[in-house]
Amino acid sequence: MELTINGEKRRVKPSQTLAGLVEELGLDPRKLAVERNRAIVPKSAYRQTPLADGDQLEIVHFVGGG
Amino acid sequence: MELTINGEKRRVKPSQTLAGLVEELGLDPRKLAVERNRAIVPKSAYRQTPLADGDQLEIVHFVGGG
Amino acid sequence: MELTINGEKRRVKPSQTLAGLVEELGLDPRKLAVERNRAIVPKSAYRQTPLADGDQLEIVHFVGGG
Amino acid sequence: MELTINGEKRRVKPSQTLAGLVEELGLDPRKLAVERNRAIVPKSAYRQTPLADGDQLEIVHFVGGG
Amino acid sequence: MGAEKLVVAGRSFSSRLIIGTGKYQSYEENARAAEAAGAEMVTVAVRRVNLTDRDKPMLVDYLDPEKFVYLPNTAGCFTADEAIRTLRLAREAGGWSLVKLEVLADQKTLYPEMEETLRAARLLIKDGFDVMVYCSDDPVYARKLEDAGCAAIMPLGSLIGSGLGIINQVNIRLIVEQSSVPVIVDAGVGTASDAAVAMELGCDGVLMNTAIAEAKDPILMASAMKHAVIAGRQAYLAGRMAKKRYADPSSPLAGLI
Amino acid sequence: MGAEKLVVAGRSFSSRLIIGTGKYQSYEENARAAEAAGAEMVTVAVRRVNLTDRDKPMLVDYLDPEKFVYLPNTAGCFTADEAIRTLRLAREAGGWSLVKLEVLADQKTLYPEMEETLRAARLLIKDGFDVMVYCSDDPVYARKLEDAGCAAIMPLGSLIGSGLGIINQVNIRLIVEQSSVPVIVDAGVGTASDAAVAMELGCDGVLMNTAIAEAKDPILMASAMKHAVIAGRQAYLAGRMAKKRYADPSSPLAGLI
Amino acid sequence: MGAEKLVVAGRSFSSRLIIGTGKYQSYEENARAAEAAGAEMVTVAVRRVNLTDRDKPMLVDYLDPEKFVYLPNTAGCFTADEAIRTLRLAREAGGWSLVKLEVLADQKTLYPEMEETLRAARLLIKDGFDVMVYCSDDPVYARKLEDAGCAAIMPLGSLIGSGLGIINQVNIRLIVEQSSVPVIVDAGVGTASDAAVAMELGCDGVLMNTAIAEAKDPILMASAMKHAVIAGRQAYLAGRMAKKRYADPSSPLAGLI
Amino acid sequence: MGAEKLVVAGRSFSSRLIIGTGKYQSYEENARAAEAAGAEMVTVAVRRVNLTDRDKPMLVDYLDPEKFVYLPNTAGCFTADEAIRTLRLAREAGGWSLVKLEVLADQKTLYPEMEETLRAARLLIKDGFDVMVYCSDDPVYARKLEDAGCAAIMPLGSLIGSGLGIINQVNIRLIVEQSSVPVIVDAGVGTASDAAVAMELGCDGVLMNTAIAEAKDPILMASAMKHAVIAGRQAYLAGRMAKKRYADPSSPLAGLI
């Protein structure tokens, strides 16, 4: 299916959860925050959060800043 | 009748207009602004503005200020 | 004869006075000051001041300055 | 005999050395400098420095200062 | 150079110095100061007529409203509503709509209450007033006030009556750079050089009261301020020399004996 | 107020602004600037006549010595002897004895060489000159120069041509407080407010060159400086208000509606 | 003296110096600077994970969140909504609710947009955040932010990244005098003495980024800032001497030979 | 960074802060302040022994000359001869030749008398003294003192005991740039940031007395000064950021949600 992640369209394995996607992207969930369709998904809920074609995801973390 | 003028109670001749009061007070209407019960009374209307017992009047003018 | 005027060697008509030189140079004496061999020559004395070969002259005037 | 010490006249035992005076005054020679009649007396010379009536002495040390 | 004028809400003024009318020994001294300052605009307050003592001197008898543009202010108002009520009375009393709005936050600092100031400005402008507005030196709020339609932006140089001069010259410069209506420093000027500094930053005018009224000789200080505002304006227009870290001789090096 | 005058070595001047005559585009611009500045005194340098090019414009043809008091300076002199020799020639050329002495230490700072300056001042005064002296802001040396008989003390505000303004206002104030001859700030003024500050400190005058000559519009800056000097002088005489830590309202608190 | 601590939202810190984590050559340099600064709190930005380049160094691998309190900021946000959205993500990513709010007006000045800032602060506080808020030096707005429940007031000394120091010391002083929550100067510090000045005014801390990151030697400057903040704090607590117009000898006059 | 040292006349010091020993409540407080300041050098005065009251506390019993380098000064001397006589006695009393020379002009300003100071410096150096010399901020005289062989140049920041800070930063910078012996600001520091400013200008050290002794808490202020001098020194060595007219963000613009 196709998702929009951080503003870019991206094809990913179909019918998977947010947890699966984070793993597929090789990200460390402890250091992230994820917004799905403008709603924040708590880390605890990644496993129970199915993704649907066309979902809008924002995956952010901390970077250096003043 | 009794009016409140600039915050002070004051007895004045009964049944008279604002024009009459201004004259009674010896004020020059050209240099004033008057509020009757919180509504500004245009100079042009002093003559046609009857006063009633208990009216609240503010009579102001310009003074030195920074 | 040869004089040094304002640091530059210069040949001028022989046996003449400072007055003559100033005239030869086309200068207005009223606006000048002249030093001959390190001694100031008063304007009044230009006529009676003979020049000798090898004399060192400084001829100055006022220019713009801060 | 009478000496002037630090600007004040003072009677002291006659015919003694500077070393004796310093001791009589109960001062610690290591912390002092002494001028006798405008000439500095080295610490080493206190013993051999006789005092004479009328001598002018300055006895100074270090105090707090900016 | 006398040509260029200060234009506020369509009226043009030759003088860029606006003076207050408070704190003087007398209206008579006040009038002489206004004369010496060459002022064409004076701020005035709106207060209750004194009914008990009818013989008190009247401002208008000393400063002719035909000769000086009266700029009614809202000094002493701490809410938008008080300010609006005051200026409506002022308009009725004077018959003109050019006013100076100030909504203050507290007695101790007399600092502008910017939220209320902006709210009041919007309402007054809708009501047809030409609003010259006393404000902080926050360039963002200055822009909002201009966008709201204010006729002049009047940031403080420092606290009212403090005489501490133009403290934040960076902000005043930012406001000048961004504004298309006149910027007039209001409050803070303590002496002539302060007024010159304000003008050198590119301000279009200066408003002051205490600096003149509390000088030992107010009339002479008024004249000093007139010259200072002209000096600062001309220096701004003339374009100052660059600053240098080291010296630079003014006399030619050539032709030394 | 126009009454009070600057008196130097027995001559009195209405203008307290002395300007230099260097660095201008032309003598013609220089003359217009002097006009706009309202200057009555101008500093001039003494240099060799150009014998090769006789048609070069002459200063005197633009700034009439009958109209402006020429103040010959010793810019470019780094020893007392050079300065004395230069001023003797100046006296012969001009016929007057009022001069501006400066003995400089080095090209980079043009800072006054105070030992040589004092030595030169003493010799010149013995020789009958009226010496206005460029000096550091060291109040002790200022006193020595006055004791030596100098006609005016001229401390620098900052380095010549730097435009950094009046840096050490404490020292200038000390010099003003102790001096009975005129104190004229010489060098450092960069814009109008700097000149006003100098005068507000109680100085009797200001001398400048670069601030006017290197402004984008020298004529307009000259006018700015004229006004600034008047403004600063009047502010000094008027006596400024006291500075306050907090605000102080200018409008009456009584009679608020 | 080591005893007294900075307490923000119930957490206490021995260090009063908060540093940013932007503009460094590398996170490694950044970490060494944080070490040298003795910082216990660092501001961090919230940005999209880079999905294409997975090997990019991660901030957390250099500045251990166990060791440094991460203070997520909203740099780059120009509306309350963006700022709130960003901080909610930050809270989810980090798991803590202490944040630094900044809502900016424009790219050129990065001046705080105070209306939006106040609006955002109220919403965030209702949502359970501990809000340290970047703001202008307007004392009235500072009071509103405190009344809204902000955990710390963080007025700018001058524009972000400008290095112009603490321009309006009067306003900072007013804010310090009126505040019962910590006042931390944020933005404007350019060198060590600026940080000392901020603390001498009575501020409870200083936040800086550019002054350290853009120094030629950031590690050494970080140490300089550590000492400057301690120096300024101790000087404030110690109570400085009074300023005097004239001299006052430090050595006794008695006992002179 | 702890490595680099202050070297004066061949002796090297880790601390760049020299403190006076006057004006303290007691020698005991003085000693604790010296401890807190981390000072290695203290100035002391030379005065007559008190013969009448023998039990008066002695400086040496509180500040051990083995631990602190005593720097005898000539405070109170108004001629070269008095200063030389005083320092010869000091050398005999202490046995060392490192001294601080000051020849003052008058009681009101305690400004250095530069002619006498230079004369005294030359005689003392010929007599084998290592002379650290209190002087004005005149860069020309500073050069003469260095050429005469002085071990350290000690220009005033402002008048002794005034606490007005470093007024003429341009001159101090010029002196630093030209000097090859240590430059130590002496007099004028009022609070910690003043000391930091002096060091940021590139000075090698700072000498102070009143700023510490007249603080409400001298011990804490002494510690503040220790940190301020380190801060200023490190900031100078680190190389400060450039000042900018506008803002410059510290957080990345890329990756914003």
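Naming: A, B, ... by sequence-line order, numbering from 1 per chain.
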Checking F:Y24 against chain C: side chain, backbone, both or neither under 4.5 Å from a heavy atom?
neither

F:M58 portion near chain C, given a 4.5 angstrom heavy-atom threshold
side chain

Which atoms of F:Y27 are under 4.5 Å from chain C, going by heavy atoms: the side chain, the backbone, both sets, or neither?
side chain

Heavy-atom contact with chain C under 4.5 Å, split by part of F:N30:
neither

Can you establish whether the number of heavy atoms outside C:E23 located under 6.0 Å from its atom CD is more than 12?
no

In terms of heavy-atom pairs under 4.5 Å with chain C, the winner among F:I160, F:I19, F:L71, F:V49 is F:V49

dist F:L59:CG -> C:K31:NZ (nearest 0.5 Å) comes out at 10.0 Å

Hey, does the side chain of C:N6 reach the backbone of F:N50 with a donor-acceptor pair shorter than 3.5 angstrom?
no

Hey, what do you get for CZ (C:F62) to CG (F:L89), rounding to the nearest 0.5 Å?
9.5 Å

With a 4.5 Å limit on heavy-atom distance, are the side chains of F:R48 and C:E8 in contact?
no

Contact winner vs chain C - F:G76, F:A93, F:G22, F:A213, heavy-atom pairs under 4.5 Å:
F:A93

Let me know if F:V60 has heavy atoms under 4.5 Å from chain C in its side chain, its backbone, both or neither.
side chain

Side-chain contact, heavy-atom cut-off 4.5 Å: F:L51 with C:R10?
yes

Using non-hydrogen atoms and a 4.5 Å limit, figure out which bit of F:A187 sits close to chain C: side chain, backbone, both or neither.
neither

dist F:R85:CZ -> C:E35:CD (nearest 0.5 Å) comes out at 4.0 Å

How about C:V60 and F:E92: do any of their side-chain heavy atoms sit closer than 4.5 Å?
no

